[in-house]
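Quick notes on the structure that follows.
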Amino acid sequence: MGHEYKDYSKESCPSVKNILLLDSEGKRVAVKYFSDDWPTHSAKLAFEKSVFAKTLKTNARSEVEITMFDGYVVVYKFVHDLHFFVTAGDDENELILASVLQGFCDAVGLLLRNDVEKRTALENLDLILLCIDEIVDGGIILETDANTIAGKVAANAVDGAVPFSEQTITQALATAREHLARSLLK
Amino acid sequence: MAEPLVKKDDDRDDEDYSPFMGIEKGAVLQEARVFNDPQLDARRCSQVITKLLYLLNQGETFTKIEATEVFFAVTKLFQSKDTGLRRMVYLMIKELSPSADEVIIVTSSLMKDMNSKTDMYRANAIRVLCRITDGTLLTQIERYLKQAIVDKNPVVASAALVSGIHLLQTNPEIVKRWSNEVQEAVQSRAALVQFHALALLHQIRQNDRLAVSKLVTSLTRGSVRSPLAQCLLIRYTSQVIRESSVNTQTGERPFLDFLESCLRHKAEMVILEAARAITELSGVTSRELTPAITVLQLFLSSSKPVLRFAAVRTLNKVAMTHPLAVTNCNIDMESLISDQNRSIATLAITTLLKTGNESSVDRLMKQITNFMSDIADEFKIVVVEAIRSLCLKFPLKYRSLMNFLSSILREEGGFEYKKAIVDSIVILIKDIPEAKEGGLFHLCEFIEDCEFTYLSTQILHFLGNEGPKTSDPSKYIRYIYNRVILENATIRASAVSTLAKFGALIDSLKPRIFVLLRRCLYDSDDEVRDRATLYLNMLGGDGLVGETDKDVKEFLFGSLDVPLVNLETSLRNYEASEEPFDISTVPKEVKSQPHAEKKAPGKKPSGLGAPSSGPTSAGDAFEKLLSAIPEFSGFGKLFKSSAPVELTEAETEYAVNVVKHIYDGHVVFQYNCTNTIPEQLLENVTVFVDASEAEEFSEVASKPLKTLPYDSPGQSFVAFEKPEGVPAVGKFSNLLKFIVKEVDPSMGEADEEGVEDEYQLEDFEVVSADYMLKVGVSNFKHAWDNMGADCERVDEYGLGVRESLAEAVSAVINILGMQACEGTDVVPSNARSHTSLLSGVFIGNVKVLARISFGIDGPKQVAMKLAVRSEDQAVSDAIHEIVASG
C-alpha cells in the first residue's frame, strides 16, 4: 500500500526515511517507511536485516547509538528485547534524528508502563502504531516530546487530557488494567 | 469471541509467545464482517483493525477486491462514537490508500470530523483527508484547511501545515494561496507549529530568492522558539549566503554573525546545525572556521555517541579542505580510535590520516594495525582509501605505507576490501616510481594465493604492462607461469597474454617464453590454446612472421578505441553475410551516463577496474527522428546531439528545453515543449529565433508543432545553415509563439476559437564544445605517443583567481567538451597541482588529445599548460583558440 513520497532535500525540512521496531531476532514488531528508497517488500526486509546485523553486537542500551551505511544514517536504541531504529539520508542532522528516536522510545515506555518488551508491545500493537503515526507524517517530524506523543495516543483526545506523566497512580492502574483487558485474542 | 489460540499456561515458551500467533489473512477478513453489525462492538472492531494492520505490517498484501471490501466495511465504523476506534479507522484508511472513487465515500464523514468539536478528530481527519485527496476535492476543503492553519490548537494547526507541505508537491497552485495564513502561523507561540509553518512557507517561496532572503532577514532578528525551527532557519540562511556575495569592502559575509550566535544556542542540535553550516560555507576561511571547530571539539569528548559521531564526521569533512584547522583536535581524535562505536573510530582514523604530518605517519600506522583486526570490511575499505591518499601526499613514506597495504592484503577479507587494497597498490605504483618494484612484488605474492579470479586477471594484465619495464623482468615469469599451472581457465588465459607481452618487449626472454607458450598449446581449455597459438604466430616463434614488430605491439598493448557497449550493439545488429564485420563502423561516441545513479559512498572508479565510459544509446534515436523529417534529410550525417538545455525555469506554464543537433554544414535546434496547464491546448507552436548575435548562422527551415495538449510533450524544430566544417559559435534568443485554446478539463474538448500568444524563452549559445564528441581512450599514454608531435601545440595560460583547483579543472574540461580519461577529472583534495588527460573527436572527425597541467598557488591563482595533439594542425590551434577565448 504505497504512497507517493518526496525526498526532501537538505535545503528543506529534516526528513525521516523509516521508523523500525524489531525484536531481538530482527523480526518486525512494527515498521513504517516514508521513502520510496525501498520500493518492494523484499527490499524493505533486506534493509531491516542488514541494519539489524550491523547493530546487533553494539551496546545501545544506555545511550542512543548511531551508524552510517549505504548512504543512510541510522540511530538506534535497544530496550529489553526490542530494537528501535530511525533512518534518514546521510546528510541529516544526527541530533534531530536522535530526538525523534528518543521521543519514540520514551513514548513507547510511557504507553507500555515501562514494561517495554516484545510481548507487551505486540499486545498493545494498536498503541505502537498510533504512536508512530503521531511522531512522523509522510517523513516530516510531527512531534518529538514523549509525553505529548503518549498523551495524544492514550488519551484519545488532544484537549483537556491529563498529561500522561502526571496521572495519578490510581489512574495509571486503571488504564493498565484496561490495557490488559484489551489483550487481543481474549 | 474467538477462542484464544494459545492458552496462557505458565510453562509456555515465553520467547515465542505472540498474540498474533497463527494469524491468517482469510480468517481475519472473515472477522472483519463485524464492521457491518448493526450493534457495533467498538473494542472488537478495534482488535480486528489491529489484526489487519498487523498483517499489512508483516508484508501481507490484500488483493484489489479484498482491499475494497475492507475499505467499505471500515467506512461503516464512522457510525461509532468510540474515539479509540475512530483513531484506528483513520490509520486503516491511510494504510489502504483508497482509489479516487472510494475516497468520495469517506469524504463527507471526514469533512464532518474536520469540523467536529473534538480537536483530536479535527487534526487526524485533516491528515487523512489530505493524504488521500486529489486536486478537485482539495478546492472544496481549502477553506477549512486555511482556518485550521491558524487554529488555536497547535495539533490542529500542525496537522494542516504538514499536510500543506505534502500537498505542495501535487497541488502547488492551491497551497500557494495559503501564504497569509502560513505567515501568521510562523509567529505561533507553539514550538512545532512554528517549525511546520516555517518549513511550508519556505517551500512556497523557494523559487523566489528575494522572498527567502527577506524571510531569513526578519527571522534571524526575531526569536524562533523551537530548536527544530532554528535548524531550518540555519539551513535557509546558508542558502541565502550561498546565493549572495561577500561584501567586498569589509570582507564580511552576511549572516555569519547569526550562524556564530547559534553556536551558543542551548540546544545541541542547533549548535551542530550551525557548526556544520559554517564548515560548509563556500571558500570558508580559517578565521570563520575557528569558532565552529571549537564547539565540535567539545562534542568529541561527549558521553553521547551520537554527538561524538556528528562531530567527528563534520571534522572529517573539514579535514579534506582545511587539514590545518582540524589539527587542534588531534589529541581528542586519537582517543576516539578506541571508541566502542566503530563508525566513530573509523572516522577518527581517517581524519587523522588526513591531518597528520609526515613525522606522525609511522606512529599512526602502528595504531591502525591494531585497529584493523576488529572492524568490518566496509570500514577497512575507508581506511585503505585514506592510506592511499596519505601515501600520495607523502611519497617519501611509501615504504611503510606499502608494507602496511601488503600485510593487510595477506589477511582475511572479502572481495571489495581486497580490490580496494589492490587498486591502491596499483595507483601507488603508477604515481611513485620508486614503489614500483616492491609493489609489483607484493601483487605477485598476492596472486599466488588469491581466491578472486577477477583480481588475479586484472593483476596479470597490469603485470604484463609494467613488468617488462622493470630492471629484472625475468623474476616475474615464475609467478606468471605458476598461474598457468595452477589456476582456472580464465586466469590461465590472462597469464598466457601476460607471458606474450614479456616476450614481445624483451628479446632476451623470447626463447624461454616460447617454450612456456608451446606448453600451453596442450591446455584443456580452448581459449587458452587459441591465445597461445595466436601469440606464438605473432611473435614469430614458428617462423610465420607476417606482421611487423610495431603491429605486434599495437595488437598486444593497443587499446580498443571503441566503447564496449557500442561494440556490443553493433555485433548484435550484425547479420551473418558475405561481408565481414568491420570494427571501423562501430560508433565511437560516448554517451554520458545518466546522473540519476544513487550515490554509493567511497566507490570512485579508480585503479584497475576504472571504466573509461558507460555509454547508452540516445543518439541513434535522435538520428532516426531527424532523418524522418524531409526538411533535414539532406543535411548529411548527424555529428553530435547536445544534452538538453533548459530554456524555462522550473514550475512555469510551459516547460521548454532545447537539444542542439550539429551537422557538418547545419545545426538543428530541437525544442522540446511541455504544456503544464490542463485548461489549455496550444496549436501551431513555433519558435522564433533571433540569430543576430550568431553572424555565421542563417535560418533555412522551421518546423512548427501542430498541437500541444496538456502534459504530452512535443517538438518544434528550427534549422540553420553555417559554414561547412567550421565550429561557428553564437548566441540565440528565442520566442515561443502559439495559438491558445481554452479546454474544459472535465470534457477534454477545446474551444473553436483560439488566441495568439507568445512566451519569452531564455537565450542559449552554440559553443565550441558542441563541435566536440566525448570519445574516451582507455590508454591515454599509448594514444598520445601514437598520435605523435607532428601537429602538437603547447601553450601556457593564466586562469586568474579560482575558487579551487577542482573547480578550475572542471571548468576547463567543460569548455573543451572533451572526455576525461583515466579518472583525471577528479582532483584529489589538497592537491596543489593536477594533470588532466582529455580526448575527443572534433567536427570533421578529427581525433584530438589534450594534456593539461594545472597548478595553484597561495592566493588561488591558477595557471595551466595545455598541450594538444591532433591529426590536423588547424584543429590543434582551434582547441587553443577555445581556451584563449573562453
Region of [X] in contact with chain A, defined by heavy-atom distances below 4.5 Å:
| X | answer |
| --- | --- |
| B:Gln58 | both |
| B:Leu228 | side chain |
| B:Phe195 | side chain |
| B:Ser238 | neither |

So do [Y] and [X] actually touch side chain to side chain, heavy atoms under 4.5 Å?
| X | Y | result |
| --- | --- | --- |
| A:Asp126 | B:Ser46 | no |
| B:Pro227 | A:Leu95 | no |
| B:Cys231 | A:Ile96 | yes |
| A:Leu129 | B:Tyr54 | no |
| A:Glu63 | B:Ser303 | yes |
| A:Leu142 | B:His196 | yes |

- [ ] Not counting sequence neighbours, list each pair that qualifies as a salt bridge (charged side-chain N to carboxylate O under 4.0 Å, His left out) and has a residue in residues 129-139 of chain A.
- [x] A:Asp133-B:Lys94, A:Asp133-B:Arg127, A:Glu134-A:Lys152, A:Glu134-B:Arg87, A:Glu134-B:Arg127, A:Asp137-B:Arg127, A:Asp137-B:Arg131
TODO: Report the C-alpha separation of B:Arg276 and A:Asp91 in whole Å, then their side-chain angles, then the decisive distance to 0.1 Å, and conclude whether the side chain to side chain contact (heavy atoms under 4.5 Å, CB included) test is met.
DONE: CA-CA 10 Å; B:Arg276 205 166 268 174; A:Asp91 53 1; over 6 Å; no
Task: Close contacts, residues 98-108 of chain A versus chain B, judged by heavy atoms under 4.5 Å - done: A:Ala98, A:Ser99
- [ ] Taking heavy atoms only and a threshold strictly under 4.5 Å, list by residue number the residues of residues 42-61 of chain A that touch chain B; give 'none' if the list is empty.
- [x] A:Lys54
TODO: Output, in order, the C-alpha distance, side-chain angles, deciding distance and verdict of side chain to side chain contact (heavy atoms under 4.5 Å, CB included) for A:Leu125 and B:Leu53.
DONE: CA-CA 9 Å; A:Leu125 187 67; B:Leu53 289 171; 5.8 Å; no
- [ ] Under the side chain to side chain contact (heavy atoms under 4.5 Å, CB included) rule, what do A:Thr67 and B:Phe309 come out as? Steps first, then yes or no, please.
- [x] CA-CA 8 Å; A:Thr67 186; B:Phe309 176 89; over 6 Å; no
Open item on the list: Under the criterion side chain to side chain contact (heavy atoms under 4.5 Å, CB included), I'd like the reasoning laid out for B:Met269 against A:Glu94: C-alpha separation, chi angles, the key distance, then a yes or no.
Closed with: CA-CA 8 Å; B:Met269 68 169 76; A:Glu94 297 88 341; over 6 Å; no
- [ ] Sequence neighbours left out, what passes salt bridge (Lys or Arg N to Asp or Glu O under 4.0 Å) with B:Arg122? Give chain and number order.
- [x] B:Asp119, B:Asp151
Open item on the list: Heavy-atom cut-off 4.5 Å, strictly under: side chain, backbone, both or neither for A:Val29 against chain B?
Closed with: backbone
Open item on the list: Strictly distance-based, threshold 3.5 Å: is any side-chain N or O of B:Asn341 a donor or acceptor partner for the main-chain N or O of A:Ile66?
Closed with: yes
TODO: Run the salt-bridge test on A:Glu92 and B:Arg235 with the 4.0 Å N-O cut-off and return the result as yes or no.
DONE: yes
